[in-house]
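In what follows, a structure is listed as structure tokens, so that the remarks can point back to it.
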Amino acid sequence: RWRGVTGRPNVISPRGMLDSWALSNSGWKKAIALRTFEGKHLRTASLFHALCDQEERAIRTLGLSNKIVVVPNGAPTAGRKRSERKAEYKTLLYLGRLHPKKGLTILIRAWAKYIRGASNPWRLRIAGWDQGGHERELKRLAIELGCAADIEFVGPKFGEDKDEILSCADAFILPSFSEGLPMGVLEAWAYGLPVLMTAECNLPIGFQSGAAIEIPVDVDGLAQILMWELAKPEPFFIEMGVRGHLLVREKFEWATIGGSMRRAYQSLISAEPGH
């Protein structure tokens with residue numbers, strides 16, 4: 001309606017919502033929306049802002065021919081330091097929304113297998129805000145599987161609390177089924193954390209640069225990866241974290257990302273009559 005009234009250009013940033021997994025979730029509702037108002041909205045966009053090449057392909061798969069600019073998320077790195085405090089155990093951190101698409105049910109099932117087989121197991125810490133009662137389901141599952149004592153649910157974290165939980169972690173995990181481009185991974189790298197993530201996180205550069213370990217989205221496969229990778233010596237994780245921190249500085253700092261977005265929006269303004 002705003003575009004119809006003003007005649008000005010508009011930009012759509014899907015943030016992973018046009019990914020095949022996202023479209024299939026409550027699929028019949030989204031199919032109706034795409035065939036009616038949302039389809040028209042997408043077709044008439046002046047520009048799509050895709051976060052990665054995979055999202056660009058998802059947009060094209062829907063038959064949309066609009067102009068697309070690919071600009072990833074960014075993360076700040078200045079002043080970010082790991083905590084020097086020594087804990088009794090190493091911590092694997094998940095930080096993000098508690099939603100079925102994040103793969104946390106598979107993670108907890110795999111964690112129960114990992115705990116039974118590991119000689120010196122880590123602790124899993126799950127931080128984030130609950131959506132639709134999923135946290136309650138996850139806690140119940142952990143109790144049923146007998147691994148609740150080895151998993152901490154610490155709720156949402158913001159500001160200094162978020163800084164603290166990231167700085168005290170030893171590694172970060174995101175077992176997601178679908179992402180646009182996850183801020184959690186970028187923030188983990190900014191803190192020098194090694195990352196375990198699925199290919200669906202759309203950050204293949206993490207695997208290529210040795211800053212991340214690819215994990216599967218099945219219980220047995222993930223349990224095996226946890227058994228193997230978390231048993232590695234501390235220098236291995238430190239080196240991975242250093243590579244992740246450098247990756248953020250080189251590819252994902254906000255100064256670079258902001259400049260790319262400014263140029264994209266400026267091109268739309270410059271194309272308007274009278275500019």
(message) Set out, in order, the CA-CA distance, both residues' side-chain angles and the distance that settles side-chain contact (heavy atoms from CB on, under 4.5 Å) for Arg125 and Phe153, then state yes or no.
(response) CA-CA 6 Å; Arg125 182 170 290 158; Phe153 288 87; over 6 Å; no

(message) For a side-chain contact (heavy atoms from CB on, under 4.5 Å) check, start with the C-alpha distance between Leu98 and Tyr94, then their side-chain angles and the critical distance, and finish with the verdict.
(response) CA-CA 10 Å; Leu98 305 190; Tyr94 168 86; 3.7 Å; yes

(request) Verify side-chain contact (heavy atoms from CB on, under 4.5 Å) between Leu23 and Leu62, making sure each step is shown before the conclusion. (result) CA-CA 11 Å; Leu23 290 176; Leu62 287 175; 4.0 Å; yes

(request) Begin with the C-alpha distance, continue with both residues' side-chain angles, and end with the deciding distance and a verdict on side-chain contact (heavy atoms from CB on, under 4.5 Å) for Ile126 and Glu152. (result) CA-CA 6 Å; Ile126 297 177; Glu152 298 176 68; over 6 Å; no

(message) For Glu179 and Lys102: C-alpha separation, side-chain torsions, deciding distance, then whether salt bridge (Lys or Arg N to Asp or Glu O under 4.0 Å) applies.
(response) CA-CA 9 Å; Glu179 294 288 333; Lys102 300 296 185 176; 2.7 Å; yes

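In this structure, Glu55 contributes its side chain and Gly16 its backbone to a donor-acceptor pair below 3.5 Å. Not a single donor-acceptor pair under 3.5 Å links the side chain of Ser46 to the backbone N or O of Val11. Using a distance-only test at 3.5 Å, with no hydrogens or angles considered, a donor-acceptor pair links the side chain of Arg243 to the main chain of Gly210. In this structure, Asn66 contributes its side chain and Phe48 its backbone to no donor-acceptor pair below 3.5 Å. In this structure, His49 contributes its side chain and Val69 its backbone to no donor-acceptor pair below 3.5 Å. Put simply, the side chain of Ser176 gets close to the backbone of Ser178: a donor and an acceptor are under 3.5 Å apart. Looking only at distances, no side-chain donor or acceptor of Asn202 sits under 3.5 Å from a matching main-chain atom of Gln54.
Within the model, atoms CD1 of Ile12 and CE of Met17 stand 13.0 Å from one another, a figure rounded to the nearest 0.5 Å. To the nearest 0.5 Å, atoms CZ (Arg97) and NE2 (His99) are separated by 5.0 Å. Distance CG/Leu145 to CZ/Arg109: 5.5 Å, rounded to 0.5 Å. Taking CG of Asp218 as the start and CG of Leu222 as the end, the distance is 7.5 Å to the nearest 0.5 Å. Expressed to the nearest 0.5 Å, how far CD1 of Ile165 lies from CG of Leu93 amounts to 5.0 Å. Distance check, rounded to the nearest 0.5 Å: CD1 of Ile173 to CG of Leu193 gives 12.5 Å.
The pair Lys162-Glu187 meets the salt-bridge criterion, since a charged nitrogen lies less than 4.0 angstrom from a carboxylate oxygen. Taking the charged nitrogens against the carboxylate oxygens, Glu56 and Arg60 have no contact shorter than 4.0 Å, which rules out a salt bridge.
Scanning all heavy atoms of the two residues, the minimum distance from Pro182 to Leu174 falls at CB-CD2, 3.5 Å. Across all non-hydrogen atoms, the minimal contact from Ala190 to Val248 is N-CG2, 3.9 Å. Between Leu47 and Ala264 the shortest heavy-atom distance is CD2-CB, 4.2 Å. The minimum heavy-atom distance between Asp130 and Glu135, with the atom names listed, is OD1-N, 2.8 Å. When all heavy atoms of Ile225 and Pro216 are compared, the pair lying nearest together is CG1-CD, 3.9 Å. Considering all non-hydrogen atoms of both residues, Ile205 and Leu247 come closest at CD1-CD1, 3.6 Å.
In this structure, the side chains of Trp189 and Leu203 come closer than 4.5 Å at one or more pairs of heavy atoms. Two residues are said to be in side-chain contact when any heavy atoms from C-beta on lie closer than 4.5 Å; Pro100 and Thr105 fail this criterion. Met227 places a side-chain heavy atom less than 4.5 Å from the side chain of Tyr114. Counting only heavy atoms from C-beta outward, the side chains of Leu51 and Val71 never approach each other to under 4.5 Å. Looking at Ile215 and Pro175, their side chains come closer than 4.5 Å, going by heavy atoms from C-beta outward. Residues Ile108 and Leu138 form a side-chain contact, since some pair of their non-hydrogen atoms from C-beta on lies under 4.5 Å apart. Considering only heavy atoms from C-beta on, Leu64 comes within 4.5 Å of Arg43 through its side chain. Within the 4.5 Å cutoff, the side chain of Phe172 has no heavy atoms near those of the Leu92 side chain.
The local environment of CH2 in Trp2 is crowded, with over 12 non-hydrogen atoms from other residues, nucleotides or ligands closer than 6.0 Å. In the displayed structure, Lys157 atom NZ is contacted under 6.0 Å by more than 12 heavy atoms of other residues, nucleotides or ligands.
Tyr191 and Asp163 share a side-chain donor-acceptor pair at under 3.5 Å. Between the side chains of Glu137 and His134, at least one donor N or O lies within less than 3.5 Å of an accepting N or O. No donor-acceptor contact under 3.5 angstrom links the side chains of Gln266 and Arg263, judged on distance only.
No chain of hydrophobic side-chain contacts below 4.5 Å, direct or via other Ile, Leu, Val, Met, Phe, Trp or Tyr residues, connects Val242 to Leu166. Put simply, Ile151 and Val154 are part of the same group of oily side chains (I, L, V, M, F, W, Y) that touch within less than 4.5 Å, one to the next. Linking ILVMFWY residues whenever their side-chain heavy atoms come closer than 4.5 Å, directly or via other members, leaves Leu246 and Phe236 in distinct clusters. Criterion: ILVMFWY side-chain heavy atoms under 4.5 Å apart, direct or through other members. Under it, Leu226 and Leu141 are part of a common hydrophobic cluster.
Between Trp122 and Phe237, the ring center distance clears the sub-6.0 Å criterion.
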